[in-house]
*Asks:* 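This is the structure I want to talk about, given as structure tokens.
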Amino acid sequence: AESFPGVGRPATPAEVKAWDIDVGPDFAGLPKGSGSVDRGQTVWESKCESCHGTFAESNSVFTPLVGGTTAEDMKTGHTANLRRTDFPQRTTFMKVATVSTLYDYIRRAMPWNAPKTLSDDDVYAVLAYLLNLAEIVPSDFTLSDANIAEVQAMMPNRNGMTTAHALWPGPGFGTEANKPDTGNTPCMSNCKPKAEQVSILPDYAWNAHGNLAGQNRAVGPVRGMKTGPDEAEA
Amino acid sequence: AESFPGVGRPATPAEVKAWDIDVGPDFAGLPKGSGSVDRGQTVWESKCESCHGTFAESNSVFTPLVGGTTAEDMKTGHTANLRRTDFPQRTTFMKVATVSTLYDYIRRAMPWNAPKTLSDDDVYAVLAYLLNLAEIVPSDFTLSDANIAEVQAMMPNRNGMTTAHALWPGPGFGTEANKPDTGNTPCMSNCKPKAEQVSILPDYAWNAHGNLAGQNRAVGPVRGMKTGPDEAEA
Amino acid sequence: AAGVAGAAALGRPAAAAEGDDAILKPQPWATSLGQPVAANPYGVPSKYERALARRQSPGLTQVAAASVSFAPLQGMFGIITPSGLHFERHHQGWYDIDPAKHRFMVNGARPEFVKTPKVYTLDDIMRLPPVSRMHFIECGANTGMEWGNVAVPTVQYSHGMLSCSEFTGVPLRTLLEDCGADLKAAKYVLAEGGDGSAMTRTIPIELVLSGEVMVAYGQNGEMLRPENGYPLRLVVPGVQGVSWVKWLRRVEVGDKPYATKDEAVHYIDLMPDGQHRQYTSIQECKSVITSPSGGQMLLDKGYFNVSGLAWSGRGKISRVDVSFDGGVNWVEATLQTPILSKCLTRFNVPWNWDGRPAVLQSRAMDETGFVQPSYGQLRAVRGTRSIYHNNAIQSWKVADSGEISNVQIL
Amino acid sequence: AAGVAGAAALGRPAAAAEGDDAILKPQPWATSLGQPVAANPYGVPSKYERALARRQSPGLTQVAAASVSFAPLQGMFGIITPSGLHFERHHQGWYDIDPAKHRFMVNGARPEFVKTPKVYTLDDIMRLPPVSRMHFIECGANTGMEWGNVAVPTVQYSHGMLSCSEFTGVPLRTLLEDCGADLKAAKYVLAEGGDGSAMTRTIPIELVLSGEVMVAYGQNGEMLRPENGYPLRLVVPGVQGVSWVKWLRRVEVGDKPYATKDEAVHYIDLMPDGQHRQYTSIQECKSVITSPSGGQMLLDKGYFNVSGLAWSGRGKISRVDVSFDGGVNWVEATLQTPILSKCLTRFNVPWNWDGRPAVLQSRAMDETGFVQPSYGQLRAVRGTRSIYHNNAIQSWKVADSGEISNVQIL
Ligand code: HEC
Ligand code: HEC
Ligand SMILES: [Ca+2]
Ligand SMILES: [Ca+2]
Ligand SMILES: [Ca+2]
Ligand SMILES: [Ca+2]
Ligand SMILES: [Ca+2]
Ligand SMILES: [Ca+2]
Ligand SMILES: [Co+2]
Ligand SMILES: [Co+2]
């Protein structure tokens, strides 16, 4: 490798510690500590519920965090509702396979308006509270670095992920497929008997995006259609 | 050629007349009309002299229009002063080879703050006035489409142009050269005995462009040098 | 929807016999003195161009600081996205970070992965040997609202999480080597943002080793815009936008994927069997006609140029075909040069509109031979609930009125 | 001039043993919520980038509406010029013309040259088959102040009448053919602007026939900026900027050159024998190092990347060499891709500065084999009073203090 005299300097241990906050699925990077569901409820009520709702059920800023998982899912490691096409939404706990993800994310990014302000123990506590809301741990549970692997073994959708697809470049994952799963042929004429139209823009959606006339140039090959309300003048 | 139904429409004769105002060196496009030096002086004093000076000598907005040519130049068709390296400036009449250029330009672009407002006769008149200031025509002269070719034959630098160069693509001009007149060799080492430095930035010029520190990014591989005054804050 | 406007809307006033007043009458710009140079030391578009702006899709998200603004593809040309119109996707809002206070750190998941963890200032990064390359960036969720059915009226909302710039920066590989990273042991790297979300994504080591992944500071000749990660962002050519971590503060060399929130809860693709595909990254070959397109209307019969964009996360575009009958018959479009790897390619094709209904589609092919699928082909494998990576053929239906609407054809 | 700043100016505060506060202390952008999407529907650069702006050169002209503003090349990357920093040259000020009132006319100098003189609206022009291509534009007077001696301190003023964009428009040839122009009889065309100066220039028919000359409306993905000719300008690749007529309103097909003011009084090149070269148009092969460059200072010894731009009005750049000793010895630079015809090419070359004086030069070669001349070679033929078409090798002298100044070397 080329050398670049004068460029960059070694990071100090304190610097690496300050920024290396990631926690992996194998719990590499997980800080020591613990927090109870009770303590988590206090954190939640003061710092989280305004956005996510008392029971993390709020739809107002984001899809609910909990709901849609069952005790059966905790056995199979598959959220059964994900197979249903009529299930109304996909909560965080329905999807997330790795509890490390939640620890890592809450520590780095929540509360949304004051990220990175929770202590490590508070992150344990509020995560314990969410796990309890999701009916994964009991209400007297205390989550810690020592028992988090046991929680992982109960995550409802822990077996719900696959890397068997061609959308990762190279052989990064052992189980993957490397051939695209879709595609087409470059047929040029009489490629099908007719063009089968299966969906059109619903009437209400025409006007839901404002006046399209004002979203297109007033000169050129085309004009925008006159639809919904004009944007407020700038 | 491809055809483009629905695109564009024929120009009307009135439209072409309104915009086709160019006048070429062969006087193609020159409107009929005339104007005297006297009348030209009236136009000049009301519409031109504020910028160009009473005798078109002003340096305040532009190089003077007249000056630097001689009766001898009118014979040779070469402005002799263009050969001198000590002559202070190059006026319009020292350079311009074609009187059509002046008619065309004044008609399309002057007065600077009210272009295209002169009548064709006023353009003849004010050009007659300039030709008189340049000592090409007498003060009782009336310039017209009929005699402008005679004026052309007296233009001091009428033979001063060459197209014998390689900076026009293709064989547009009969007389031209098509081989670049300069160039270099891609020598890689010991290409000359030493680097001969012939000019450096004069001291006053360092500060003439404001504070260079403020004209460079405050991060990156370099900084701007602290020189002249800061720009006014935006 | 609306009726077609009359002849007046053509911008071609029925000229009097004499001619058009726009020509016959003196116009102010031809008969007065204009504005001086540097009136705008940093210039802005014409006031007549305000219709072309970034916009949110109402109802898509509830909070605008964790949302998207879409680029107005319906009025854009060529392949370069002017940075003022670059689409936005933020998870915790955008910041105008003081570059003098920004740092970039390289460390290892385990000490043996990086001999000397290092800290770089912008001064440092900008001294290193740079590369400049043009690449598209597309959000993995682009066209995501349309997996199940038509949902939005225009190409701005259906495909506008797409932009293309000339990026300048330092290959991440150069920085990792400078720190003595063990590029044999490394299998993944983690990229982390300096924003509130401290956005983190697992990055394919293959693209790092290839030299393609860059720590970029330049975008279209100037520094990145604040909305796009000023002063540093990761550029991961061919890969979905969320991996192009903005306000980049750290890269960690590791040997395991990180399952961060945006690769374990979002940007995972739900398959019909209830499994999610995780670490889906590459943006497969895709194209869209941008003009004429949904919500626009043709004012006249006759000649039109049909123009659009094609791109592939796997390399260069090799061909684009266009259909006017919803995919029964196709003609080959002209590709504009340069055709660059993992970059937008502009295509054009002539069309004489006879005033009868038509359905316009484009179908791109890339240098690997992959051909963009139809909705039928895509759904047959991936169902309708994937959210991410919808690269189906887009259809625009032209009514006899000239009005154009978004439809889906199998 | 100024003394070198101390270590503090390095942007690398002497870190306490613990480390750098920029890392150890929480920063607002990492611990708060940022701004929403579409806060700026049309985005602008970071407030920390204000140093990079278009500027006039004081004393160059007396009136700012017939003047120049220079692009800040000293801080730019890659080849694309952000449109907000595109250099300006106006003769009678700039206008923001209402595109609905703008017309484009084609006519013949004589009736037989054009079968049907036509008028086009923007609606018409934008329906025709377009091309998008990247090209540089350089004012013929760029570096003009330096023919005789060093005059300006920085690359912004010495070379900043240079920009590069992706242009979109209709080949002029297409329009001439649409009007039934006699392209055999045609030898020149006249292009005319819609501004106060109604700028007119004679355009080489060779470039029109080649398809290269375009009537452009698009620049870097959006419409031209008002300062650059909104809504229409001529693009004449390889040819000096004055021929790229802005606010284009008319093209006339003719068989004689027009000797307009800006090709009969200005943009004529005075030779030592007192003759002027007229219709000098092509911008010959040229290059310049933009970083590090005049008026900048190196804050430290050690590794630097030397970066610059090369271009040729005759085609593609084939090679760029860089010298650190004023032209005695040279090394070959790396050219960034894509390398396009009549377009800027970015080059980079590594340099370890040992703290001793140096003179940096770049020397470009184009695909015709033409090699950029030294000042000695240029002046030997053209003297020092040419004003236009100065493509000599530029020299930047690095003092042992790290300060860099503009010098000339034969
Ligand atoms: C001011 C509003 C707000 C507050 C307070 C807040 N959140 Fe959030 N939360 C959000 C938003 C918005 C998102 C989505 C962010 C994104 O788009 O990346 C989110 C995302 C999350 C997620 C990830 C959900 C998913 O499916 O991606 C978790 C877990 C979470 N919050 C937990 C918490 C916890 C625990 C707290 C308190 C310690 C908290 N939040 C406080 C607004 C808030
Ligand atoms: C408000 C100031 C102003 C007024 C009034 C004015 N001019 Fe000018 N004139 C200029 C400027 C500035 C230029 C240079 C324009 C350019 O850069 O293209 C110029 C250029 C010219 C030129 C070309 C000179 C050259 O060497 O390029 C001529 C000839 C001329 N003016 C004649 C006239 C005449 C005749 C009038 C009156 C009918 C007039 N001017 C009124 C400012 C003015
Ligand atoms: Ca150093
Ligand atoms: Ca794979
Ligand atoms: Ca029509
Ligand atoms: Ca020639
Ligand atoms: Ca780590
Ligand atoms: Ca004419
Ligand atoms: Co995204
Ligand atoms: Co110029």
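Residue numbers begin at 1 in each chain, while the letters A, B, ... track the order of the sequences.
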*Asks:* Between B:Thr98, B:Val96, B:Asp181, which shows the greatest number of heavy-atom pairs under 4.5 Å with chain D?
*Replies:*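 Looking at each of B:Thr98, B:Val96, B:Asp181 in turn, B:Asp181 comes out on top.
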*Asks:* Between B:Lys116 and chain D, with a heavy-atom cut-off of 4.5 Å, which part of the residue counts as in contact: side chain, backbone, both or neither?
*Replies:*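 The side chain, not the backbone.
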*Asks:* Among D:Ala198, D:Ala380, D:Gly326, who wins on heavy-atom pairs under 4.5 Å with chain B?
*Replies:*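 Heavy-atom pairs under 4.5 Å are most numerous for D:Ala198.
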*Asks:* Hey, which of B:Asp20, B:Asp104, B:Asn190 has the most heavy atom pairs under 4.5 Å with chain D?
*Replies:*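 Ranked by contacts with chain D, first place is B:Asp20.
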*Asks:* Where on B:Leu212 is there a heavy atom nearer than 4.5 Å to chain D: the side chain, the backbone, both, or neither?
*Replies:*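 Only the side chain of B:Leu212 comes within 4.5 Å of chain D.
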*Asks:* Just so I understand: if I count every heavy-atom pair under 4.5 Å between each of B:His78, B:Met94, B:Met110, B:Arg90 and chain D, which residue has the most?
*Replies:*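 That would be B:Arg90.
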*Asks:* Heavy-atom distance under 4.5 Å to chain D: side chain of B:Val219, backbone, both or neither?
*Replies:*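 Neither the backbone nor the side chain of B:Val219 comes within 4.5 Å of chain D.
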*Asks:* Does B:Tyr103 have its ring centroid less than 6.0 Å away from the ring centroid of B:Phe27?
*Replies:*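 Distance test on ring centres: not under 6.0 Å, no.
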*Asks:* Between D:Glu284 and D:His389, is there a side-chain heavy-atom distance shorter than 4.5 Å?
*Replies:*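 Counting from C-beta outward, D:His389 and D:Glu284 never come under 4.5 Å.
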*Asks:* Heavy-atom distance under 4.5 Å to chain B: side chain of D:Phe304, backbone, both or neither?
*Replies:*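 Interface part for D:Phe304: side chain.
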*Asks:* If you tally heavy-atom pairs under 4.5 Å against chain D, which of B:Pro193, B:Ala195, B:Ala97 wins?
*Replies:*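 Of the candidates given, the most pairs with chain D belong to B:Ala195.
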*Asks:* Can a donor-acceptor pair be found, under 3.5 Å and without considering hydrogens, that links the side chain of B:Thr79 to the backbone of B:Asn81?
*Replies:*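 Not a single qualifying donor-acceptor pair exists.
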*Asks:* For B:Thr182, check side-chain hydrogen bond (donor to acceptor under 3.5 Å, both in side chains) against everything at least two apart and list the hits.
*Replies:*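 Partners of B:Thr182 by the side-chain hydrogen bond (donor to acceptor under 3.5 Å, both in side chains) criterion come out as none, since no residue qualifies.
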*Asks:* Answer with side chain, backbone, both or neither: which region of B:Asn159 has an atom nearer than 4.5 Å to a non-hydrogen atom of chain D?
*Replies:*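 Interface part for B:Asn159: backbone (N, CA, C, O).
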*Asks:* Quick one: of B:Pro202, B:Ala80, B:Gly24, B:Gly183, who has the most non-hydrogen atom pairs under 4.5 Å with chain D?
*Replies:*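 The answer is B:Gly183.
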*Asks:* In chain order, what residues pass the side-chain contact (heavy atoms from CB on, under 4.5 Å) check against D:Ser293, with sequence neighbours excluded?
*Replies:*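 In terms of side-chain contact (heavy atoms from CB on, under 4.5 Å), with neighbours along the sequence ignored, D:Ser293 is linked to D:Gln74, D:Val155, D:Gln296, D:Trp396.
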*Asks:* Relative to chain D, which of B:Pro115, B:Gly160, B:Gly29 shows the most heavy atom pairs under 4.5 Å?
*Replies:*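 Ranked by contacts with chain D, first place is B:Gly160.
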